[in-house]
Amino acid sequence: SNHYGVESSAPIDICFYTKSVIRIRVTWGKHEVPRSYMVDTTPKLDVMLTEGKQEQTEDEYLASENLVVVVKKNGGLSFLDSDGKMLVEQLPITAGSGYAEFQHAQSAKLFGLGQQQIGMLDYTGQIIDLKHENTTIAIPFLLTNQGYGILWDNSGKVTVDATEKGRVTWSSEHGEYIDYYLLFGPSTQEIIRNYWELTGPAPMIPKWAFGFWQSKMRYSSQQELLE
């Protein structure tokens, strides 16, 4: 099986969708993770996994050909590549909190999150509210230069807080569960490909849509439109 469950006050379900993509779900109480509106695929059944315990800490781990996830006794998770290089750590999650904190390298650059109008490419030191507004497009996918990306799957209002260097906090206003995917590359192209395979390809628009585009935001009167 490519599923691994951790029983605690906030039970964790670990699922390898592919050898490079891991889904993490955390629930509490009677809440269940609803159907995803973003992910358009199911786990591949041919992912070869190995289980074991680390010698020094006796923390359990689950590994594919490309990725290793270590389950710590305090409920935290560590994600490593197959060579043992640390990618990112998820700190223990408090039941009912609706947020997850991730620790990463101090040198990490944080990209993605859709089309934000803050004039910055790297979101380190910023707080981003993921909500659609005029000229702002919210996509809860964070791409890093550390060989991985995170897709946060929650249909409520989401905030990404990267004000503390070396740490990113994801929080959901609808905080009844946590559901996210870690996508390994290690190259940016491979991360984007894994994202594409997870969410599905963008359909080609019809030929009639490749025509004239209005550049003006609006017209206040019929006369202005005719002019």
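This one's a predicted model, so the numbers in the text were calculated from it and none came from an experiment. All residue numbers refer to positions in the sequence shown, counting from 1.
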Checking [X] now: which residues fulfil salt bridge (charged side-chain N to carboxylate O under 4.0 Å, His left out) with it, not counting sequence neighbours?
X    : value
K53  : none
K131 : E133
E65  : K19
D59  : K73

| task | Report whether Y99 and I127 are members of the same hydrophobic cluster (ILVMFWY, side-chain heavy atoms less than 4.5 Å apart, transitive linking). | result | no
| ILVMFWY network linking W170 to I14, side-chain heavy atoms under 4.5 angstrom |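 Yes; tracing contacts between hydrophobic side chains, which count when under 4.5 Å, links both residues.
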| said: Applying side chain to side chain contact (heavy atoms under 4.5 Å, CB included), can you list everything that pairs with A100, at least two apart in sequence or on another chain? | reply: I93, F102, W152, I178
| message | Tell me every residue that passes side chain to side chain contact (heavy atoms under 4.5 Å, CB included) with S82, counting only those two or more places apart in sequence or in another chain. | response |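 Per chain and number, S82 pairs via side chain to side chain contact (heavy atoms under 4.5 Å, CB included) with no residue.
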| message | Please list all pairs meeting side-chain hydrogen bond (donor to acceptor under 3.5 Å, both in side chains) that have one or both residues in residues 117-126, counting only residues at least two apart or in different chains. | response | D122-T124
| said: For the CD atom on E55, are there more than 12 heavy atoms of other groups (residues, nucleotides or ligands in this structure) within a distance under 6.0 Å? | reply: no
| field | Partners passing side-chain hydrogen bond (donor to acceptor under 3.5 Å, both in side chains) against S155 (at least two apart in sequence or in another chain) | value |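 With neighbours one apart ignored, the set is empty.
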Under the salt bridge (charged side-chain N to carboxylate O under 4.0 Å, His left out) definition, can you give me all pairs with a residue in [range], not counting sequence neighbours?
range            : result
residues 197-206 : R193-E197
residues 85-98   : K72-E89
residues 166-175 : E101-R167

| request: Would you mind telling me which of T136, L121, T135 makes a side-chain contact (heavy atoms from CB on, under 4.5 Å) with Q116? | output: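 Passing option: T136.
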| request: Say whether, by atom type as modelled, one donor and one acceptor occur between the side chain of N194 and the main chain of F184 under 3.5 angstrom. | output: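 Pair found, side chain donor or acceptor close to backbone of F184.
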| task | Kindly indicate, with the supporting measurements, whether the criterion side chain to side chain donor-acceptor pair (under 3.5 Å) is fulfilled by N66 and S20. | result | CA-CA 6 Å; N66 294 342; S20 298; 2.8 Å; yes
| message | Pairing donors with acceptors under 3.5 angstrom, does anything connect the side chains of D40 and T199? | response | no
| request: Any pair with a residue in residues 186-206 that passes ring pair (Phe, Tyr, Trp, His ring centres under 6.0 Å), sequence neighbours left out, goes on the list, sorted by first then second residue, please. | output: F141-Y195
